[in-house]
Amino acid sequence: IPNITQTNGTAVTNGHVASTSLSASTERIQIVDDEKKFTPELATQIDKWGLHDVGFAYNIVSVFGSQSTGKSTLLNRLFGTTFDVMDETRRQQTTKGIWMCRGKGMNVMVMDVEGTDGRERGEDQDFERKSALFSLASSEILIVNLWEHQVGLYQGANMGLLKTVFEVNLGLFGKKAKDGTSGRTLLLFVIRDHIGQTPLANLQATLTADLGRIWDSLIKPTELKDLPLSHYFDLAFTALPHKILSADKFESEVQNLRKRFVDKTSPDYLFKPVYHKRIPADGVAFYMEGIWEQVQSNKDLDLPTQQELLAQFRCDEISAVALSEFNEQAKSQKRPVEAGKVVDGLGGMMKAWRQDALTRYDRDASRYHKGVYTRKRADLLTALDTTLTPLFFGQLKNLHKSCLVAFKQEMLEGMRGEEYNFADVVTKARERCEGRFTAGAEEAILENTDWSWEEEVQLLEEEVSTVADQCRKDETKKMLNQIESNIKKQVSEPVELQLNKASKDMWDNILLAFKEVLAKAEASYLTKAKSFNSTEDENTTSLSALRKRAWLTLRAKIDEQTTDPAFLSKLRNYFEERFRYDEGGVPRVWKPEDDIDGAFKKAKDHTLELVPLYSKIIPSDDVHEFTLPSEPSDSLTGSDEFDFPSTLVVFSETKAVDLTNKFRKDADAYYVEAKRSTVSSIAQ
Ligand code: GDP
Ligand code: MG
């Protein structure tokens, strides 16, 4: 071991030794100062020592004994610590307090108690008692340091100290020991300046007997009164030669003792797991501070409560760290999701963040009080999911939108060109859309949450149906327009032909032709409608619209052919053919003996018969009758109210009279012209 008595002369500030010659790993700290204040720096110091994350893989040892019995010297030798040793030349010690140092090269926290010996100086024993309580609540091993000549002095100061230790221990672990919680501590008696005349075995026997007596003399709670000393303590004894008189032997014995603290394989290994107080290293500072506060205020020190408080504090801290790291990660995707983006692999990320946070929490917090750890874990999980929930539902919403957009796009692409089956296009696009949504939702959902995407997929399905319906309506409209324009082409010629012929069965022929065209159109509609998966109702509606529009197309053509000038010209032609040409189609040359009046009247009467013939669409044979149901306005075709019977009327009565009058004038002109022609032929 290096010589570590070099600590004199290092500057002490705020209980910290600021020494450039010491590395952080052996820096010591005054955890309780002479005003009995607990340092706020212990946690930082434990971290500097590199012990923060060791969990339970550390030990705590402390020392107890009269003043100036070489305690600090021993600790420094055993653990390579840097505690102050009383200056030989001055032989006085004024500070009071508890110091802590990390053992050099070992995960051991060593506590050294400094103080005036109240018993010998007649001062109060308050500090001594408090430091004993404090040491026992955390230490695995309490080194009881005494001179050889103090052994057997039953009334001596050291025995008074031990009584204190026992009492304090009963208060701390007395009740707890029964439910199996480890409250066991090793008392290691180190007999100093052992001359060797009295063998260690004898000294040990004396001490053991004395301890038994002290134990028996304690006033114990009734439920504990039969429990022996060995229920709480293991005892171990060792002796060290005189440090100055047998310096070499002292040194080698110290080395042997050190081995028992270091070598885990040694049968004499002192840090047995059963002594561990099970305070995770990262909670030692908080725990000790709590203990000291309780001790300081003379409150009953209830270790289970302290441990629970510790657990609450530490689990909260650990949880907060895990949560803040988690929130940092989650934040990265918050904005894109809020901006409407479907984040690729969001579920995987969320799962990893959540798992990381829990793993982190579990790693550090699971060492603490089970109940508290479990409760805080549930709280943490709730907090994590509170952050993740809006991300999940945001992702669903965005997924919904993008799937719907893609669906519309696919519909449009699918309906490009002539040769497509509407129903197939819809089915495929719908399947892809819902497949995409489901895959995205399944990726994003996390286990053990109350999340679900049923509602969202239902909404999506509804919107998809609406879009598909709209497309179908648009397509149907387009198709009906197409059919209508075909009808128009097809009825045009027969109408012109028939209306020019003006035969009695003119309407029969027009209706016949019309019905043929219509039948073809209906068949064409039905063929196409199959691919639309149209319902019976929709077909009925479409067909009735088709019929109506076909009829109106026909009517428009008829109107076009029967405008006033067109119709009058028809009448004129008809009349001329009968009046100016004979039955053989030869132009007449009127002679005076000809019955111009008779011929004129006959031709005129015949021609005027056309007016009622044209004025209404009535077939001569009922077989050719055509009829459509009248109906109110229709949103599909955007048409107004439809009254079929009125569409049969080509000319109204007044119109007929008007046309008749106009024609008469024309006819009269022909008559006059005919008369004139005879006069001129006579004159020749
Ligand atoms: P503490 O007050 O119990 O911590 O005692 P210190 O370690 O400060 O030592 C007090 C004095 O005793 C110092 O002068 C040491 O040099 C001396 N000392 C240390 N160890 C021994 C020992 O084993 N035997 C004797 N006789 N003196 C020792
Ligand atoms: Mg000391």
Side-chain angles (χ1 to χ4, degrees), residues 1-10 12 15 17 26 28-34 61-101 103 109-121 123 125 127-128 130-132 134-135 139 141-151 156-158 160-162 164-165 188-198 200 203 237-258:
I1 333 172
N3 183 359
I4 326 207
T5 45
Q6 37 94 320
T7 54
N8 286 339
T10 49
V12 178
V17 173
T26 50
R28 68 197 162 132
I29 181 171
Q30 186 174 24
I31 56 177
V32 174
D33 67 13
D34 52 1
V61 60
S62 53
V63 72
F64 202 75
S66 311
Q67 210 196 332
S68 296
T69 45
K71 297 189 297 293
S72 302
T73 306
L74 177 66
L75 294 178
N76 288 345
R77 292 298 165 118
L78 287 176
F79 303 106
T81 49
T82 54
F83 297 119
D84 269 348
V85 169
M86 197 182 73
D87 188 344
E88 298 271 0
T89 56
R90 279 183 279 146
R91 290 205 77 79
Q92 57 171 356
Q93 219 154 14
T94 50
T95 54
K96 232 188 216 179
I98 303 174
W99 294 77
M100 193 187 262
C101 194
M109 294 181 222
V110 187
M111 284 201 286
D112 189 18
V113 180
E114 264 181 8
T116 53
D117 196 330
R119 200 171 305 272
E120 283 174 347
R121 300 198 179 181
E123 287 173 20
Q125 295 158 33
F127 183 74
E128 168 190 301
K130 281 174 177 168
S131 55
F134 180 72
S135 300
S139 301
I141 300 176
L142 187 63
I143 296 176
V144 182
N145 192 58
L146 71 172
W147 302 120
E148 183 184 5
H149 62 74
Q150 285 178 304
V151 176
N158 54 327
L161 287 175
L162 280 174
T164 304
V165 169
L188 173 66
F189 288 85
V190 179
I191 298 158
R192 307 291 290 271
D193 287 2
H194 183 227
I195 298 162
Q197 212 163 4
T198 316
L200 177 62
L203 295 169
F237 300 87
T238 193
L240 292 176
H242 197 288
K243 179 176 173 274
I244 295 142
L245 302 180
S246 331
D248 289 353
K249 277 179 90 184
F250 174 82
E251 211 52 58
S252 64
E253 282 307 307
V254 167
Q255 283 310 306
N256 287 339
L257 184 55
R258 178 184 154 81

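First listed ligand is number 1; within each ligand, the first listed atom is number 1.
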Look at the side chain of Arg258 and the backbone N and O of Leu78, then say whether any donor-acceptor pair between them is shorter than 3.5 Å.
yes
Is the side chain of Glu148 donor-acceptor paired with the backbone N or O of Ile195 at a distance under 3.5 Å, no angle test?
yes
Please work out whether any backbone atom (N, CA, C, O) or any side-chain heavy atom from C-beta onward of Thr73 is under 4.0 Å from ligand 1, and answer side chain, backbone, both or neither.
both
Is it true that Arg77 and Glu251 make a salt bridge, defined as a side-chain N closer than 4.0 Å to a carboxylate O?
yes
I'd like to know: is the Mg ion (ligand 2) within the 2.8 Å range of an N/O/S atom from Ser72, strictly under that distance?
yes
Using a heavy-atom cut-off of under 4.0 Å, does the side chain or the backbone of Glu114 touch ligand 1, or both, or neither?
neither
Suppose I only count heavy atoms of Ser68 and a 4.0 Å limit; which atoms of ligand 1 are within that range?
1 (P), 2 (O), 3 (O), 5 (O)
Any nitrogen or oxygen of Ile244, main chain or side chain, under 3.5 Å from a nitrogen or oxygen of ligand 1?
no
Measure across Lys71 and Ser66 and return the closest heavy-atom pair with its distance rounded to 0.1 Å.
NZ-O, 2.8 Å
At under 4.0 Å between heavy atoms, which part of Lys71 makes contact with ligand 1: side chain, backbone, both or neither?
both
Any donor-acceptor N/O pair, Thr81 side chain to Leu75 backbone, under 3.5 Å:
yes
Option from Leu142, Ile98, Val32 for which side-chain contact (heavy atoms from CB on, under 4.5 Å) with Met111 holds
Ile98
Whether Glu253 side chain and Phe250 backbone form a donor-acceptor pair below 3.5 Å:
no
Number the atoms of ligand 1 from 1 as they appear, then name those within less than 4.0 Å of a heavy atom of His242, with their elements.
26 (N)
Under 3.5 Å: N/O of Ser72 near N/O of ligand 1:
yes
Under 4.0 Å to a heavy atom of Thr69 - the qualifying atoms of ligand 1, by number:
1 (P), 3 (O), 5 (O)
Going by the order shown, which atoms of ligand 1 are within less than 4.0 Å of some heavy atom of Arg192?
20 (N), 21 (C), 22 (C), 23 (O)
Give a yes/no verdict on whether any heavy atom in Phe250 is under 4.0 Å from an atom of ligand 1.
yes
Those residues that, when tested against Thr69, pass side chain to side chain donor-acceptor pair (under 3.5 Å) (two or more places apart):
Asn145
For ligand 1, find out whether one of its N or O atoms is nearer than 3.5 Å to an N or O atom of Asp112.
no
